[in-house]
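Ligands are counted one by one from 1 in listed order, and the atoms in each one are counted from 1 as well.
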Amino acid sequence: MAETTTSQVLGIDIGGSGIKGAIVDLNTGEFLTERHKIETPKASTPEAVASIVAEIVEHFDYEGPVGITLPAVIKQQVARTAANIDKSWIGTNVDELFSRHLPGREISVLNDADAAGLAEVAFGDDLARQGAVIFLTLGTGIGSAFICDGVLFPNTEIGHLIVNGDEAEHQAASSAKDREELSYKKWAKRVDLVLHEYERLFFPSAFVIGGGISRKHEKWMPLLTVETPVVPAQLRNTAGIVGAAMAVSQHLHP
Ligand code: BGC
(Lines give C-alpha, C1' and ligand atoms only; values in the text may rest on other atoms or scores of the structure.)
Protein backbone atom coordinates (compact mmCIF):
# COMPACT_ATOMS: atom_id res chain seq x y z
CA MET A 1 0.00 0.00 0.00
CA ALA A 2 2.30 2.76 -1.18
CA GLU A 3 -0.52 5.37 -1.24
CA THR A 4 -1.49 6.78 2.15
CA THR A 5 -3.31 9.94 3.18
CA THR A 6 -2.10 12.11 6.05
CA SER A 7 -4.73 10.64 8.34
CA GLN A 8 -3.21 7.18 7.87
CA VAL A 9 0.12 7.09 9.64
CA LEU A 10 2.50 4.35 10.76
CA GLY A 11 3.25 4.22 14.47
CA ILE A 12 5.97 2.01 15.97
CA ASP A 13 6.25 1.22 19.68
CA ILE A 14 9.65 0.00 20.88
CA GLY A 15 9.59 -1.95 24.13
CA GLY A 16 11.95 -4.17 26.08
CA SER A 17 10.43 -7.36 24.65
CA GLY A 18 8.80 -6.40 21.34
CA ILE A 19 8.83 -3.81 18.57
CA LYS A 20 5.32 -3.32 17.25
CA GLY A 21 3.86 -1.29 14.43
CA ALA A 22 0.55 -0.63 12.72
CA ILE A 23 -0.96 1.96 10.40
CA VAL A 24 -3.31 4.14 12.40
CA ASP A 25 -6.42 6.01 11.33
CA LEU A 26 -5.88 9.32 13.07
CA ASN A 27 -9.54 10.26 12.80
CA THR A 28 -10.64 7.33 14.95
CA GLY A 29 -7.48 6.17 16.75
CA GLU A 30 -8.02 2.70 15.33
CA PHE A 31 -5.64 0.40 13.49
CA LEU A 32 -6.11 0.10 9.74
CA THR A 33 -3.85 -2.93 9.58
CA GLU A 34 -2.96 -5.88 11.75
CA ARG A 35 -0.28 -5.11 14.30
CA HIS A 36 3.12 -6.39 13.14
CA LYS A 37 5.44 -7.42 15.97
CA ILE A 38 9.10 -8.46 15.96
CA GLU A 39 10.95 -9.47 19.10
CA THR A 40 13.36 -6.88 20.47
CA PRO A 41 16.89 -8.17 19.79
CA LYS A 42 18.75 -9.49 22.87
CA ALA A 43 21.41 -6.84 22.42
CA SER A 44 18.92 -3.99 21.95
CA THR A 45 21.48 -1.51 20.63
CA PRO A 46 20.38 1.50 18.56
CA GLU A 47 21.61 -0.03 15.27
CA ALA A 48 19.95 -3.43 15.90
CA VAL A 49 16.65 -1.85 16.92
CA ALA A 50 16.66 0.65 14.04
CA SER A 51 17.14 -2.21 11.52
CA ILE A 52 14.04 -3.89 12.92
CA VAL A 53 12.10 -0.64 12.73
CA ALA A 54 13.10 -0.42 9.04
CA GLU A 55 11.93 -4.03 8.58
CA ILE A 56 8.53 -3.16 10.06
CA VAL A 57 8.20 -0.14 7.76
CA GLU A 58 9.07 -2.36 4.81
CA HIS A 59 6.49 -4.94 5.92
CA PHE A 60 3.77 -2.32 5.47
CA ASP A 61 5.15 -1.17 2.10
CA TYR A 62 4.56 2.34 3.45
CA GLU A 63 6.06 5.61 2.23
CA GLY A 64 4.77 8.22 4.70
CA PRO A 65 5.96 9.69 8.01
CA VAL A 66 6.78 7.39 10.91
CA GLY A 67 6.22 7.98 14.64
CA ILE A 68 8.40 5.97 17.00
CA THR A 69 8.32 5.49 20.79
CA LEU A 70 11.20 4.53 23.04
CA PRO A 71 11.29 3.74 26.77
CA ALA A 72 13.66 6.68 27.19
CA VAL A 73 13.74 10.41 27.82
CA ILE A 74 14.07 12.10 24.43
CA LYS A 75 15.32 15.66 24.63
CA GLN A 76 16.03 17.54 21.40
CA GLN A 77 15.93 14.12 19.71
CA VAL A 78 18.75 12.75 21.86
CA ALA A 79 17.99 9.80 24.18
CA ARG A 80 18.98 10.74 27.72
CA THR A 81 17.96 7.55 29.57
CA ALA A 82 17.29 3.92 28.61
CA ALA A 83 14.79 1.76 30.54
CA ASN A 84 14.76 -1.92 29.53
CA ILE A 85 16.83 -1.27 26.43
CA ASP A 86 20.58 -1.24 25.86
CA LYS A 87 22.34 1.53 27.76
CA SER A 88 24.16 2.55 24.57
CA TRP A 89 20.97 4.43 23.65
CA ILE A 90 21.99 7.13 26.11
CA GLY A 91 23.44 10.01 24.09
CA THR A 92 22.19 8.61 20.76
CA ASN A 93 20.73 11.16 18.35
CA VAL A 94 17.56 9.25 17.48
CA ASP A 95 16.60 11.52 14.60
CA GLU A 96 19.96 10.90 12.91
CA LEU A 97 19.74 7.15 13.63
CA PHE A 98 16.24 6.54 12.28
CA SER A 99 16.68 8.97 9.35
CA ARG A 100 19.67 6.93 8.26
CA HIS A 101 17.63 3.70 8.39
CA LEU A 102 14.50 5.32 6.89
CA PRO A 103 15.81 8.00 4.53
CA GLY A 104 13.61 10.68 3.03
CA ARG A 105 10.68 10.78 5.39
CA GLU A 106 9.53 12.64 8.44
CA ILE A 107 10.25 10.87 11.70
CA SER A 108 9.25 11.74 15.22
CA VAL A 109 10.65 9.92 18.25
CA LEU A 110 9.20 10.33 21.72
CA ASN A 111 8.98 8.67 25.11
CA ASP A 112 6.64 5.64 25.26
CA ALA A 113 4.44 6.97 28.07
CA ASP A 114 4.21 10.40 26.41
CA ALA A 115 2.94 8.70 23.25
CA ALA A 116 0.43 6.51 25.10
CA GLY A 117 -0.81 9.53 27.05
CA LEU A 118 -1.43 11.56 23.90
CA ALA A 119 -3.50 8.71 22.49
CA GLU A 120 -5.52 8.10 25.66
CA VAL A 121 -6.34 11.77 26.01
CA ALA A 122 -7.44 12.01 22.38
CA PHE A 123 -9.36 8.74 22.08
CA GLY A 124 -9.94 7.39 25.60
CA ASP A 125 -12.21 8.44 28.45
CA ASP A 126 -14.24 11.65 28.01
CA LEU A 127 -13.06 12.81 31.40
CA ALA A 128 -9.51 13.01 30.09
CA ARG A 129 -10.24 15.09 26.97
CA GLN A 130 -9.74 18.44 28.70
CA GLY A 131 -7.83 19.99 31.54
CA ALA A 132 -4.53 19.09 33.15
CA VAL A 133 -4.34 15.32 32.84
CA ILE A 134 -1.68 13.06 34.30
CA PHE A 135 -1.44 9.77 32.42
CA LEU A 136 0.48 6.95 34.10
CA THR A 137 1.45 3.49 32.91
CA LEU A 138 1.97 0.95 35.64
CA GLY A 139 4.17 -1.83 34.30
CA THR A 140 7.81 -2.73 34.79
CA GLY A 141 8.26 0.91 35.79
CA ILE A 142 5.93 3.88 36.02
CA GLY A 143 5.77 5.97 32.90
CA SER A 144 4.10 9.37 32.94
CA ALA A 145 2.71 11.98 30.55
CA PHE A 146 1.46 15.45 31.43
CA ILE A 147 -1.10 16.69 28.93
CA CYS A 148 -2.93 19.98 29.23
CA ASP A 149 -5.88 20.44 26.86
CA GLY A 150 -4.26 17.99 24.47
CA VAL A 151 -0.79 19.57 24.58
CA LEU A 152 2.06 17.44 25.89
CA PHE A 153 4.70 18.58 28.39
CA PRO A 154 7.25 15.84 27.53
CA ASN A 155 9.63 13.73 29.63
CA THR A 156 8.04 14.20 33.04
CA GLU A 157 9.45 10.96 34.54
CA ILE A 158 7.49 11.18 37.80
CA GLY A 159 7.80 7.43 38.25
CA HIS A 160 11.19 8.31 39.67
CA LEU A 161 9.88 10.83 42.20
CA ILE A 162 10.83 9.88 45.76
CA VAL A 163 7.70 9.18 47.76
CA ASN A 164 8.05 8.17 51.38
CA GLY A 165 11.78 7.49 50.99
CA ASP A 166 11.68 5.38 47.82
CA GLU A 167 11.20 5.85 44.08
CA ALA A 168 7.50 5.72 43.20
CA GLU A 169 8.02 3.08 40.51
CA HIS A 170 10.00 0.84 42.83
CA GLN A 171 7.07 0.58 45.23
CA ALA A 172 3.99 1.01 43.05
CA ALA A 173 4.71 -0.23 39.49
CA SER A 174 2.83 -3.45 38.76
CA SER A 175 6.21 -5.22 38.76
CA ALA A 176 6.45 -4.41 42.50
CA LYS A 177 3.14 -6.21 43.06
CA ASP A 178 4.50 -9.30 41.26
CA ARG A 179 7.97 -9.15 42.80
CA GLU A 180 6.71 -8.83 46.36
CA GLU A 181 3.60 -10.96 45.79
CA LEU A 182 1.34 -8.22 47.12
CA SER A 183 -2.44 -8.53 47.29
CA TYR A 184 -4.42 -5.94 45.27
CA LYS A 185 -5.33 -4.32 48.60
CA LYS A 186 -1.72 -3.89 49.73
CA TRP A 187 -0.53 -2.76 46.34
CA ALA A 188 -3.43 -0.33 45.90
CA LYS A 189 -2.38 1.34 49.17
CA ARG A 190 1.02 2.04 47.65
CA VAL A 191 -0.46 3.35 44.42
CA ASP A 192 -2.74 5.54 46.54
CA LEU A 193 0.22 6.96 48.45
CA VAL A 194 1.99 7.82 45.20
CA LEU A 195 -1.14 9.40 43.71
CA HIS A 196 -1.64 11.50 46.85
CA GLU A 197 1.87 12.86 46.41
CA TYR A 198 1.25 13.62 42.71
CA GLU A 199 -2.03 15.27 43.66
CA ARG A 200 -0.34 17.38 46.33
CA LEU A 201 2.27 18.60 43.85
CA PHE A 202 0.38 18.95 40.56
CA PHE A 203 -3.38 19.17 41.30
CA PRO A 204 -4.36 17.49 38.00
CA SER A 205 -7.95 17.41 36.77
CA ALA A 206 -7.76 13.64 36.23
CA PHE A 207 -5.43 10.65 36.43
CA VAL A 208 -5.64 8.16 33.56
CA ILE A 209 -3.97 4.86 34.35
CA GLY A 210 -2.74 2.36 31.78
CA GLY A 211 -0.51 -0.70 31.72
CA GLY A 212 -1.69 -4.33 31.81
CA ILE A 213 -2.97 -3.98 35.36
CA SER A 214 -5.54 -1.37 34.28
CA ARG A 215 -7.44 -4.24 32.70
CA LYS A 216 -8.28 -5.39 36.24
CA HIS A 217 -9.07 -1.88 37.47
CA GLU A 218 -12.20 -2.97 39.32
CA LYS A 219 -9.99 -4.90 41.75
CA TRP A 220 -8.01 -1.89 42.91
CA MET A 221 -9.21 1.48 41.60
CA PRO A 222 -12.19 1.57 44.00
CA LEU A 223 -9.69 1.35 46.90
CA LEU A 224 -8.01 4.64 45.97
CA THR A 225 -8.75 7.63 48.19
CA VAL A 226 -7.43 10.58 46.13
CA GLU A 227 -9.88 13.39 45.41
CA THR A 228 -8.88 13.59 41.75
CA PRO A 229 -10.93 11.32 39.46
CA VAL A 230 -8.97 8.22 38.40
CA VAL A 231 -9.99 6.47 35.20
CA PRO A 232 -8.58 3.39 33.49
CA ALA A 233 -6.92 3.77 30.10
CA GLN A 234 -9.09 2.53 27.27
CA LEU A 235 -6.74 2.04 24.33
CA ARG A 236 -4.39 -0.07 26.41
CA ASN A 237 -1.86 -1.90 24.28
CA THR A 238 -2.62 0.07 21.13
CA ALA A 239 -1.95 3.44 22.81
CA GLY A 240 1.82 3.59 22.17
CA ILE A 241 1.43 2.95 18.44
CA VAL A 242 -1.49 5.39 18.12
CA GLY A 243 0.37 8.08 20.08
CA ALA A 244 3.51 7.61 17.97
CA ALA A 245 1.46 8.15 14.81
CA MET A 246 -0.21 11.21 16.36
CA ALA A 247 3.16 12.69 17.33
CA VAL A 248 4.59 12.59 13.82
CA SER A 249 1.37 13.90 12.30
CA GLN A 250 1.56 16.85 14.75
CA HIS A 251 5.27 17.31 13.87
CA LEU A 252 6.24 16.81 17.52
CA HIS A 253 9.99 16.52 17.97
CA PRO A 254 10.54 16.60 21.73
C1 BGC B 1 11.22 5.19 32.37
C2 BGC B 1 10.29 6.00 31.47
C3 BGC B 1 9.34 5.07 30.73
C4 BGC B 1 8.63 4.14 31.70
C5 BGC B 1 7.75 3.14 30.99
C6 BGC B 1 10.38 4.30 33.28
O7 BGC B 1 11.24 3.54 34.07
O8 BGC B 1 12.02 6.04 33.14
O9 BGC B 1 11.03 6.76 30.54
O10 BGC B 1 8.38 5.86 30.06
O11 BGC B 1 9.57 3.44 32.50
O12 BGC B 1 8.45 2.37 30.05
Side-chain angles (χ1 to χ4, degrees), residues 11-21 37 39-40 44 46 49 53 67-94 97 108-121 124 133-147 152-163 166-180 187 190-191 194-195 197-198 202 204 207-215 232-233 235-247 252-254:
I12 298 185
D13 193 18
I14 299 173
S17 57
I19 303 174
K20 296 147 269 175
K37 175 177 173 181
E39 251 178 54
T40 307
S44 53
V49 168
V53 166
I68 300 169
T69 79
L70 272 172
V73 164
I74 307 293
K75 188 176 172 195
Q76 288 156 350
Q77 295 293 290
V78 174
R80 298 298 189 94
T81 63
N84 303 314
I85 47 169
D86 197 85
K87 297 300 169 222
S88 61
W89 278 92
I90 298 171
T92 298
N93 183 317
V94 291
L97 172 79
S108 173
V109 185
L110 76 168
N111 173 263
D112 55 357
D114 280 345
L118 279 178
E120 286 292 347
V121 166
V133 176
I134 296 186
F135 168 80
L136 299 168
T137 50
L138 305 180
T140 313
I142 295 183
S144 62
F146 281 30
I147 297 160
L152 173 71
F153 182 120
N155 296 314
T156 46
E157 294 290 316
I158 59 171
H160 301 287
L161 194 80
I162 304 293
V163 179
D166 193 7
E167 277 197 26
E169 76 170 25
H170 187 241
Q171 35 185 329
S174 64
S175 60
K177 181 178 182 301
D178 299 341
R179 188 177 62 240
E180 299 180 47
W187 177 74
R190 294 186 179 189
V191 175
V194 166
L195 293 184
E197 185 65 358
Y198 292 167
F202 306 113
F207 288 112
V208 180
I209 306 199
I213 201 138
S214 68
R215 242 171 255 143
L235 278 76
R236 307 215 173 118
N237 64 0
T238 69
I241 293 175
V242 175
M246 285 173 65
L252 289 187
H253 302 283

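Scanning the protein for heavy atoms near atom 1 (C) of ligand 1, the closest one is Glu157 OE1, 3.7 Å. The protein heavy-atom contact nearest to atom 7 (O) of ligand 1 is Glu169 OE1, 2.9 Å. Summary of contacts: the protein heavy atom closest to atom 4 (C) of ligand 1 is Gly143 CA, 3.6 Å.
Classification of Arg80 and Glu157 as a salt-bridged pair fails, no side-chain N sitting under 4.0 Å from a carboxylate O.
Ring planes of Phe207 and Tyr198: tilted class, angle from 30 to 60°.
Looking at Ile162 and Glu167, their side chains come closer than 4.5 Å, going by heavy atoms from C-beta outward. Here the side chains of Ile209 and Leu195 are in contact, with some heavy-atom distance below 4.5 Å.
In the vicinity of Asn111, heavy-atom distances shorter than 4.0 Å reach the ligand 1 atoms 2 (C), 3 (C), 9 (O), 10 (O). Of all atoms in ligand 1, listed by their number and element, those nearer than 4.0 Å to a heavy atom of His160 are 1 (C), 6 (C), 7 (O), 8 (O).
Looking at Ile158, Val73, Asp112 and measuring to atom 5 (C) of ligand 1, the nearest heavy atom belongs to Asp112.
Other residues, nucleotides and ligands contribute only 12 or fewer heavy atoms inside 6.0 Å of the CZ atom of Phe153.
Contacts between Thr140 and ligand 1 below 4.0 angstrom, taking non-hydrogen atoms only, are absent altogether.
Of the inter-residue distances, the one linking Asn111 atom CG with Lys75 atom NZ reads 14.5 Å to the nearest 0.5 angstrom.
Residue contacts with ligand 1: Thr81 is placed with no nitrogen or oxygen under 3.5 Å of a nitrogen or oxygen of the ligand (distance criterion only).
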